Every structure is written in structure tokens, then in C-alpha cells.
Amino acid sequence: MRDIRWRLALATIILTASGYMAVSPVQAQTDTPSAIQRQADQPAAPAPVVAVTPAPDAYSGLASTHFDVIAASIAQIGSQETPQAHDTLKALASHHLFAGNDGHALYIHDGDGWRDVRTGIPASPDPNQVHPVRVNNRVRLALAEVQAGQALVTGTPAQRLAAASRLAEHPDPALLLLVDHALDTSHDAALDATLKRAKAAIILSPGAPVSNPATLLAAVASLRAQGGLTSRAVLAGFAGNETAPTQARDAARHAMASIDRREKIWALGQQAFYGLSLGSVLLLVAMGLAITFGVMGVINMAHGELVMLGAYTTYLVQKGVLAVAPGLSGFTLVLAAPAAFVVCSAIGVLIERSLIRFLYGRPLETLLATWGLSLIIQQAVRSVFGSTNVAVSTPGWLSGAFQLGGMTITMNRLAIMLFAAAVMVALMLVLRRTALGLEMRAVTQNRRMATLMGIRTARVDALTFALGSGVAGLAGVAVSQIDNVSPNLGQGYIIDSFLVVVFGGVGNLWGTLAAAMTLGIGGKTLEPLLGAVSGKILLLVLVIVFIQRCPRGMFPLRGRGIES
Amino acid sequence: MTDPTMCVSRRDFARFSLAASAAMLVGGKTARAAAPTGEPIRIGVLHSLSGTMAISETTLKDVILMLVDLQNKKGGVGGRPLEAVVVDPASNWPLYTEKARQLLAVDKVAAVFGCWTSVSRKAVLPVFEELNGILFYPVQYEGQECSRNVFYMGAAPNQQAIPAVDYLLGEDGGSARRFALIGTDYVYPRTTNQILQAYLKQKGIADADVMVSYMPFGQSDWQTTVSQIKAFGSAGKKTAVISTINGDANVPFYKELGAQGIAATDIPVMAFSVGEEELAGMDTKPLVGQLAAWNYFESIDTPANKAFINAWHTFTKSPKRVTNDPMEAHYIGFNLWVQAVEKTGTTDHDKVIAAMVGLKQPNLTGGIAEVLPNHHITKPVYIGEIQDDGQFNVVWQTPQEIPAQAWSPYVPETRNLTGDWRAPISCGNYDTAKKACLGTRHA
């Protein structure tokens with residue numbers, strides 16, 4: 001069990017400081033002896049010879065090696081409404097706080113050099129005699145709690161709202177008084193609602209002061225109406241608490257069942273989102289292949305490597321932008337997409353002109369040659385960038401997630417879905433509405449006739465291959481946001497790409513779309529039922545059976561002129 | 001020189017190819033260190049330099065080359081220079097068997113340093129036992145094996161997995177009472193999880209509070225699993241994840257955790273196969289506070305570790321290359337082997353194997369590694385939290401080194417087994433209850 005005494009004390013002190021309750025700080029001090037006591041219990045470090053050992057204060061705990069002592073000290077410091085305390089916690093959060101090995105001295109080391117925490121006077125400690133204040137998850141949690149408590153009382157409206165939502169998700173009984181106080185002084189409907197949620201959660205969490213059954217029932221009802229996994233967690237904890245009134249526990253159990261029912265329905269939506277997002281990734285990586293294999297009939301085993309090169313282009317663009325204009329770092333992906341398209345198209349033209357054009361109509365040789373090429377590209381990338389992953393960071397506007405009802409929509413997946421849709425539309429427009437698209441379709445349907453009509457088929461071949469390769473590069477940009485960027489990246493996608501194109505029907509972009517989404521949603525539906533491994537096996541078996549019955553895929557291209 | 005305008009003639013080509021193949025044949029044998037004299041001692045390096053495992057194993061090949069280099073500068077072993085014979089099993093398990101046979105039968109190496117995955121170790125085991133070779137295996141593994149011809153320099157489960165679970169159960173680790181065991185689908189995660197499930201049960205964790213899920217190698221879509229973890233964590237008890245995910249799949253897993261907003265303070269993830277090398281390609285800001293259990297961290301500040309890191313940077317000519325746990329295991333194994341050879345004055349396999357038990361070698365991070373009768377070693381255990389610079393911050397460590405248990409006491413079938421390769425027992429799977437050697441050669 002967590003000891004919450006010192007945090008209760010913290011609440012009272014903050015309220016005292018804000019003039020809400022008249023509690024003597026001395027009393028609060030006597031409530032929090034654990035930090036000092038623990039400090040005294042520790043084996044004394046071999047301290048340098050000092051005339052007078054400084055008296056331990058709230059700060060000394062930070063220099064401890066024990067996480068519980070550090071956490072207790074943070075709570076004590078958090079209760080002091082001084083700029084010094086504020087600076088200390090801020091320095092701790094940003095790794096700028098250092099402690100002397102004597103277990104007492106504390107320094108902030110930031111851009112302005114070293115200074116003593118207690119006095120604020122610049123200092124010059126021996127770097128061998130100090131260490132960063134030890135931090136682990138327990139300390140981080142204590143720090144977050146203290147900062148939420150402070151924000152609730154003294155923060156800006158936005159900070160107060162954020163603190164209240166944090167409390168609703170991480171109910172902390174020690175802060176009940178603060179929540180009550182905030183409720184009394186709140187004049188904001190949104191904040192009010194969030195605070196009420198937080199209060200309901202706190203009342204039901206372990207360690208909360210005993211409430212009467214009516215209050216408990218009201219809190220349960222509030223969480224039941226709120227729904228969601230965090231409410232469910234609080235209710236589950238309460239239902240398992242044997243000291244709580246039976247009636248309220250039963251209500252909590254009913255509320256859990258009700259939330260579970262709602263969650264089940266939302267889970268279907270969530271699964272659909274996962275399926276669509278997996279389908280979008282498949283669609284992106286397969287679209288390029290749908291052009292080179294589907295339209296041109298080239299079995300390009302190096303397709304995955306083109307995706308990989310697109311991801312590496314993203315990496316290089318990101319590195320370049322950071323070096324030249326760090327202010328634009330949020331927009332690297334916007335720059336990387338055209339760059340990857342251009343780079344991969346150029347490489348595509350190179351491959352087509354130097355290798356593939358000699359092998360048209362010889363699928364087996366093409367397969368072998370492009371497979372060899374894929375190994376060459378992989379090894380070349382390994383030689384240049386090393387065999388380990390390179391770091392492609394996700395810009396802020398693409399990280400995180402938002403709640404849509406009971407569903408969690410992750411930003412990067414959503415962006416990939418939209419990106420896939422945009423690429424699909426663009427590709428359709430190119431094929432249907434441009435002269436190049438017309439020529440491409442003409443060459444595909446009847447090469448000899450197209451030549452006779454004056455179309456330069458060699459040029460069209462090169463451009464078509466370049467288009468397919470460029471789209472593979474675009475897929476690389478997207479994949480860099482969710483997967484490893486390593487020389488092996490392409491290998492993970494080549495099988496899936498062929499599967500999608502063949503399943504969907506060679507030469508048909510709509511088929512590719514349908515196949516990608518079918519495989520995506522199918523895979524995500526089977527995964528929770530059978531497990532990822534068996535689910536994948538079953539899906540492949542189903543595809544094989546399907547291909548047996550319909551060898552030309554879901555949407556075969558029909559016509560007399562198709563060259564075999 | 002021939003006329004530059006001329007194409008290469010057939011004769012030139014033949015001559016060139018002959019010369020090239022001759023050079024390749026002589027290859028490694030011509031490159032010898034100059035300082036120590038005498039017949040060189042050959043050691044084998046059996047690590048994949050291509051294929052999926054290259055990402056991890058190439059580094060280990062480099063470490064051995066560095067150690068050989070340093071040893072030769074110090075005058076070799078017993079006055080004889082060392083010579084590394086490097087082969088590439090290409091992440092192909094049957095090829096490991098073939099290359100191991102080549103090293104032992106053709107190159108007649110004194111010892112082999114190699115393998116990473118358990119499946120590769122299992123593949124070469126029969127060869128080492130048949131030809132009486134010596135293998136130094138540098139990676140943490142699932143235990144349940146004790147061969148006379150293998151020295152296990154990585155952690156057994158009780159030197160990594162069990163202390164890690166203890167940390168999560170304890171107050172500093174968040175007092176977790178619900179565990180999701182997530183792993184890649186192969187022998188190491190399955191065996192480790194089997195041991196952990198037995199251990200958690202003994203610690204009073206109900207079956208309903210343990211979730212087990214396996215994913216294929218190289219899985220890149222973790223959406224479902226992460227949301228399952230989230231739902232699993234909403235039962236009102238502190239939840240932790242124990243990850244035995246291996247290789248490339250880790251990056252998308254952590255990215256998905258970050259994207260779905262699961263912070264280490266909510267649901268911590270304890271990983272057994274994520275080290276400095278794996279983090280090198282990750283943006284670690286969303287991962288701060290996630291945990292890993294190892295017997296070595298690059299960030300541990302000791303003079304020996306500093307010297308090792310400096311030597312590594314000098315050898316690789318790159319100040320960016322990180323060091324990791326299996327590298328230290330090779331460092332320990334290599335030095336133990338040198339000690340054994342110098343002690344016995346011979347590279348004879350039987351004598352070296354006999355001399356190994358009881359040898360001691362200081363760890364890079366403090367403490368002593370001692371070779372135990374079961375051919376494992378004593379190791380300190382560290383729990384580290386990921387920091388935003390991609391390094392680990394040690395938040396917990398064992399007070400002293402822990403001796404390895406080759407056979408898990410938590411699995412009913414192996415509870416009474418012990419390995420002791422000293423006379424008179426001289427057995428890898430001695431049943432202490434029946435007072436008999438079970439007799440099969442290794443497992």
C-alpha cells in the first residue's frame with residue numbers, strides 16, 4: 001500500500017498557503033517524518049570533513065539514494081509556495097538537479113552554470129562529488145502528482161483543466177481537499193464537469209476517506225455515465241474493496257458490466273479502425289507494385305527495397321532540415337514525401353533502363369535479376385548507413401491519440417489512412433485524366449497497336465516504372481512513422497504487397513484497394529480471436545483457396561487485348 | 001599493363017580469377033599479428049554477418065576481433081599470437097551447423113565464440129558435443145540446458161527474468177499485481193514465460209491476472225496487442241508488461257505504446273531483449289521510464305567500463321557506437337578462456353574445459369564473474385530505465401552477484417535437476433532426488 005499521509009499533509013499545506021484552511025504548518029511537518037527518519041536510517045556516506053553538518057531540511061531527501069525518500073521529499077517541497085521550490089521541481093523534471101554525494105548539498109546545473117538550490121548563489125562543486133538526483137517511475141509519479149496539485153490551485157484555466165483531467169485518470173485521495181476547493185471556486189462549466197469526474201474517481205479509489213453510501217452510489221453512477229477504461233479500472237478496484245458497503249459494491253459491479261457492454265460495441269469500431277489502418281499500410285506499399293507488376297507485368301522483387309529507400313530518404317531529409325532550419329522540423333514529412341517520390345522515381349528509371357528493359361517478356365529472369373538487385377540495394381544501404389536502425393522521429397502533430405467516443409484514434413495511423421487515400425486518388429487521376437495515363441493504358445492493353453499509333457513505348461515503360469517506384473517511395477515515408485527504418489525494412493512488405501496485388505486482381509487499382517482492406521480488416525478481426533500467428537495462417541489459407549477458385553483475383557481485368 | 005582500350009581478354013580474366021581465388025583461400029591465414037611469435041592459436045567467430053540477425057551479431061564479431069587485437073598487443077596467449085577465423089552463418093540455422101563443423105574439423109579452432117538466438121545454439125550443440133569443441137555463448141537465454149561443451153556467459157532466467165519480476169512486484173517498481181507477458185513466438189519467450197508463470201503463481205498472482213500473447217518475428221502492427229494491454233490494465237490493479245519481444249519488432253511495439261499514450265508511469269514495460277543497440281534507432285522520448293533488465297549497462301560508471309568503451313570507440317573508429325550486455329559477456333568469456341589456456345599451458349579442449357570451473361574474471365561493471373560447475377557464471381543484475389538520450393539509468397541492482405541456475409526450480413520437470421561438470425558427478429542434468437544422471441547428452 002502506498003503511504004498517503006504525507007500527501008494529505010501536502011494538500012492541507014497548499015490550501016493553507018492559498019488561504020483556504022487554517023492549519024498550522026507545524027502540524028503538517030510533524031505528519032511527515034518519514035523522509036527525515038529514513039534519511040537518518042541510511043548508512044552515512046563517507047562525508048568530507050565539515051565543521052558543522054547542516055541540519056536536514058525538506059530538500060535533503062532529494063540527495064538520497066532511496067526512491068521513497070526522494071518521492072517524500074518532492075511532496076514536501078511541493079507544499080512550499082516559494083519560487084525556490086518551484087525552480088527545484090522544474091530542474092528535477094528537466095534533469096538539471098544535482099545532489100552532492102554528502103547527502104545534503106543540492107545544485108541546479110543549467111544554461112547559467114551551477115548554483116546552490118537553497119541559497120540561489122552560484123556555486124562550483126567538484127563534478128566528482130555530485131550526481132544527478134535519482135529518478136525512477138515512482139519519483140516521476142510523485143512529481144506529476146505534486147505538479148497537478150499545484151496547477152489545480154494556482155494554474156491558468158488551461159493548466160487547471162489539464163490537472164483536473166489528469167486527476168480523473170489518476171485519482172489521488174490526498175488531493176480530495178484541493179478538488180473540493182477547486183470545485184467551490186470554479187466558474188467554468190468544462191472545469192466543473194472534469195472536477196466532478198475527478199472527485200467521483202477519488203471517492204472510490206483505495207485510501208480515500210470513508211464516505212456515506214449515498215455519496216458512493218452517486219460517484220458510481222457518475223463513473224458509469226462517464227464510461228471508459230479508466231472509469232472501469234476505478235470501479236473494479238472499488239468492487240474488490242472488501243471494506244466498502246455491499247450495496248455500493250454491487251452498484252459498482254453493475255456499472256462495470258454496463259461499461260463492458262458499451263466497450264464491446266466500441267471495440268468493434270476500434271477493430272474496424274485497426275483493420276482500415278492496417279489495410280491503408282498494405283494499400284500504400286502495394287500501390288506501387290500494382291503499377292509495376294499489375295500494369296507492366298514486371299515481377300519486381302526489389303519493390304520492398306524501393307519502399308526502404310523512401311524511408312531512408314525521409315531520414316536524410318529530416319537530418320538535413322534539422323541541420324539547416326531546425327524551426328521547420330515539424331514539417332519534415334511534408335518535404336520528405338516529394339523528395340522520396342523524386343529519389344525513388346529516379347532510381348526506378350535507372351533500374352528500368354539498365355536492367356528491366358532487357359528482360360521484358362521473361363518473367364523468371366526478371367524475378368531473379370530484381371531479387372539480386374534487392375540484395376545489392378540492401379547491402380549498399382547497410383554499408384552506407386550501418387546495419388542498425390536509424391532514428392526517424394515523429395513530428396508533434398502526428399504523435400499521440402484522441403478519443404472518439406470509446407475509441408482511441410492514433411494520429412499517425414489516421415494520417416497514414418488519409419495519405420493512402422490521397423495517393424490513391426492522385427494515382428487514379430494520373431491514370432485516367434492525363435496523357436501519360438492514357439498512353440500507359442494503351443501500352444498495357446496492346447503494345448504493338450500503341451507503337452503503331454506513334455506512342456514511344458520505351459519512354460512510357462520507363463515513366464510507368466518510375467511512377468510505380470515513386471509511389472513505393474511515398475509508402476516508405478509513411479512506413480518510417482510506424483516501423484523500423486533498417487536495411488531489412490523492405491523484406492517485411494514484399495510478400496504482403498504481392499499478396500494484395502494478386503488477390504485484388506492484377507492490373508486493377510480498385511482491386512488493390514479492395515484486397516488491401518479485406519486483408520487488413522480480416523487480419524485484425526482474426527487476431528484477437530485466434531492470436532496473431534494462427535490468424536495470419538488462416539488468412540493465408542483463405543487467400544490460397546480463393547486464388548484457386550478465382551486465379552485472376554477479386555476484380556480481374558477483362559478484355560481481348562491484354563497481353564499475357 | 002594491358003592496352004586500356006582493349007577489353008579484358010579471356011586469359012587475363014582467368015589469370016585474375018585464379019589470383020583472386022588464391023588470395024581468398026589464403027585470406028585470413030596470411031593476416032597475422034607481428035608481435036608474439038610461435039604457432040598462432042586459432043579461435044572461431046560464429047556470428048551472422050548478413051540476414052536478419054546481422055543487426056545484433058555483427059557487433060559481437062567486432063568485439064572478438066577487438067579482444068584478439070588487444071590480446072596480441074599484450075603478447076598473445078602463452079607467447080603465441082591469436083588468430084580469429086570469422087565465418088558467416090547468414091542467419092540461417094542449418095548453416096550454423098555446417099559452419100560450426102567447418103570451424104572445428106577443418107580450421108581446428110581452440111574455441112568458438114558465437115550464436116545469438118537459442119535456435120542457432122540448439123543447431124550447433126550436437127556438433128560441439130560430437131567433435132568435443134568449446135562454445136562461448138554470450139546472450140541471455142531461457143536456461144533448461146547444460147552442455148559440457150558450452151560455456152553460457154549470458155544470464156540464465158534467475159539472473160534476469162526473476163529479479164526483474166521481483167522489482168515490478170516491489171514498491172519501487174510500482175507494486176504490480178497484474179502481468180501481461182508479451183513475446184515473439186519462439187523457444188526463448190515461450191520457455192521464459194513458462195518459468196515466469198510458475199513463479200508468479202507462487203507469488204500469489206492469480207491466473208486471471210496473467211495475460212500471455214505471442215507475435216510472429218518481425219511483427220510491425222501492434223495496434224491490437226497494445227489495446228488489449230490497455231483493456232487488461234483496466235481491472236483496478238497496477239499492471240505491468242513483461243516483454244520478451246525480440247529483434248526488429250520492438251521498435252513498432254514501442255512506437256504504438258507511445259502513440260496510444262501508455263506511459264511508463266501507468267503501465268511499465270520490462271524488456272529482456274532491448275538494449276542500447278536496439279534503442280539506437282528509436283526516438284526514446286515517449287519511452288522514458290520503460291524498463292530493461294540486464295547484467296550490464298553502458299551507462300554504469302566504472303573505470304573498467306570506461307576503458308572498455310574507449311577501446312571500443314578506438315577500435316571501431318566511431319565515438320557513436322554503443323556497448324551492450326552480450327558484448328560484455330564476450331569480454332568475460334574471452335578473458336576466462338585466455339586464463340584457462342594460460343593456466344593449463346595448452347589449448348587441449350578437455351584440459352581447458354576442466355580448468356574453466358572456478359576461474360574468476362572481474363566484470364566491467366564491478367563484481368566478479370566466476371565459472372560455476374554448471375558452466376554458467378555468476379552475474380550482477382541491473383534494472384535500468386530508458387532515458388531520453390537512449391541510455392539506461394540504473395534504478396536497482398542486486399547486492400551481490402547471483403549464481404546461475406541452469407535448470408529452473410519453478411518448472412516441475414526440472415525442479416530437482418542440477419548441472420555439475422566436475423568429477424565425480426560430471427553430468428549436465430543430475431537428478432538430486434534420484435541421485436542419478438539422466439544421461440542424455442545435453443537437454
Side-chain angles (χ1 to χ4, degrees), chain A residues 1-2 67-68 95 134-138 140-141 144 170 229-230 232-240 263 267 270-271 273-274 277-278 281 379 382 387-394 399-401 408 410-413 479 481-486 488 491-492 523-524 527-528 531-533 536, chain B residues 49-52 54-56 58-59 171-175 185 213-216 218-221 223-225 227-228 230-231 233-237 248-252 255-256 258-261 263-266 268 277-278 280-286 288-289 291 385 387-388 390 393 395-396:
Chain A
M1 269 311 291
R2 290 196 296 180
F67 292 116
D68 51 346
H95 310 303
R134 297 194 74 199
V135 173
N136 79 341
N137 286 331
R138 188 175 187 179
R140 263 182 224 109
L141 212 54
H170 302 87
L229 288 177
T230 39
R232 191 196 182 275
V234 173
L235 288 169
F238 180 70
E263 285 293 320
Q270 184 79 69
Q271 228 168 53
F273 173 76
Y274 291 157
S277 100
L278 178 60
V281 175
Q379 202 56 45
R382 202 170 277 141
S387 61
T388 46
N389 297 332
V390 296
V392 177
S393 60
T394 306
S399 350
T408 308
T410 43
M411 288 303 291
N412 56 359
R413 297 277 175 176
V479 165
Q481 291 304 304
I482 50 168
D483 205 345
N484 296 285
V485 182
S486 76
N488 298 331
Q491 289 180 326
K524 283 289 147 190
E527 192 180 318
V533 183
K536 199 154 193 176
Chain B
L49 311 177
S50 53
T52 52
I55 181 172
S56 309
T58 312
T59 317
E171 258 192 71
D172 276 345
S175 314
D185 201 358
S213 168
Y214 295 102
M215 288 286 158
Q219 173 80 4
S220 64
D221 191 303
Q223 298 181 91
T224 311
T225 308
S227 74
Q228 277 171 345
K230 231 162 125 180
S234 70
K237 292 179 185 166
D248 278 3
N250 273 302
V251 176
K255 279 190 178 173
E256 190 63 39
Q260 296 207 20
T265 42
D266 302 331
E277 194 90 288
E278 284 75 14
M282 262 196 262
D283 177 17
T284 52
K285 274 179 211 79
V288 169
L291 303 149
E385 279 188 356
Q387 290 178 294
D388 46 13
N393 171 31
V395 293
W396 182 86

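Everything numeric in this text was worked out from a predicted model, so none of it was measured. All values below come from the heavy atoms of this structure, side chains included, with hydrogens, waters and symmetry mates left out. In what follows, chains are A, B, ... by sequence order, proteins preceding strands, each numbered from 1.
Both the backbone and the side chain of A:Arg232 come within contact range of chain B, each with at least one heavy atom under 4.5 Å from a heavy atom of that chain. Contacts of A:Ser399 with chain B are absent, with no heavy-atom separation under 4.5 Å from either backbone or side chain. For chain B, the nearby parts of A:Leu278 are the backbone and the side chain; heavy atoms of each come within less than 4.5 Å. Within the 4.5 angstrom heavy-atom criterion, atoms from both the backbone and the side chain of B:Pro216 approach chain A. Only the side chain of B:Glu256 comes within contact range of chain A, with heavy atoms under 4.5 Å apart. When heavy atoms are compared at a cutoff of 4.5 Å, B:Gln223 approaches chain A by way of both its backbone and its side chain. Contacts between B:Lys285 and chain A at a heavy-atom distance below 4.5 Å are absent for every atom of the residue. In this structure, chain A has heavy atoms under 4.5 Å from both the backbone and the side chain of B:Gln260. Within the 4.5 angstrom heavy-atom criterion, atoms from both the backbone and the side chain of B:Ser220 approach chain A. In this structure, the portions of A:Asn484 lying under 4.5 Å from any heavy atom of chain B include both its backbone and its side chain. Neither the backbone nor the side chain of A:Gln271 comes within less than 4.5 Å of any heavy atom of chain B. When heavy atoms are compared at a cutoff of 4.5 Å, B:Asp172 approaches chain A by way of both its backbone and its side chain. Using a 4.5 Å cut-off between heavy atoms, B:Thr284 makes no contact with chain A at all.
Interface check for chain B: of the options A:Phe238, A:Tyr274, A:Phe273, the most heavy-atom pairs under 4.5 Å are formed by A:Tyr274. Looking only at heavy-atom pairs under 4.5 Å with chain A, the residue among B:Gly258, B:Ser227, B:Gly390, B:Gly218 that has the most is B:Ser227. Contact tally against chain B (heavy-atom pairs below 4.5 Å) for A:Gly492, A:Gly531, A:Ser486, A:Ser277: the top residue is A:Ser277. Of the listed residues (B:Lys230, B:Gln228, B:Gln219), the greatest number of heavy-atom pairs within a distance under 4.5 Å of chain A belongs to B:Lys230.
Under the rule for a salt bridge (charged side-chain N to carboxylate O under 4.0 Å, His left out), the partners of B:Asp221 that lie at least two apart in sequence or sit in another chain are A:Arg413, A:Lys524. Taking B:Asp388 as the reference, nothing meets the salt bridge (charged side-chain N to carboxylate O under 4.0 Å, His left out) condition, with sequence neighbours excluded.
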Intermediate values then yes/no, side chain to side chain contact (heavy atoms under 4.5 Å, CB included), B:Lys255 and A:Asn412 = CA-CA 10 Å; B:Lys255 279 190 178 173; A:Asn412 56 359; 5.7 Å; no

task = Check step by step if side chain to side chain contact (heavy atoms under 4.5 Å, CB included) holds for B:Val288 and A:Arg140.
result = CA-CA 10 Å; B:Val288 169; A:Arg140 263 182 224 109; 3.7 Å; yes

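Pairing each heavy atom of B:Gly236 with each of A:Ala236, the nearest pair is N-CB, 4.0 Å. For A:Val135 against B:Glu385, the heavy-atom pair with the smallest separation is O-OE1, 3.7 Å. Between B:Met215 and A:Ala532, the shortest heavy-atom contact is SD-CB, 3.2 Å.
A:His170 is not listed as a side-chain neighbour of B:Thr265, based on a closest heavy-atom distance of 4.5 Å or more. The closest side-chain heavy-atom distance from B:Pro252 to A:Ile482 is not below 4.5 Å.
Between the CZ atom of A:Phe67 and the CD atom of B:Glu171 there is a distance of 13.0 Å, given to the nearest 0.5 Å. Interatomic distance, B:Asn393 CG to A:His95 NE2, rounded to the nearest 0.5 Å: 9.0 Å. How far CG of A:Asn137 is from CG of B:Asp266: 9.5 Å, rounded to the nearest 0.5 Å.
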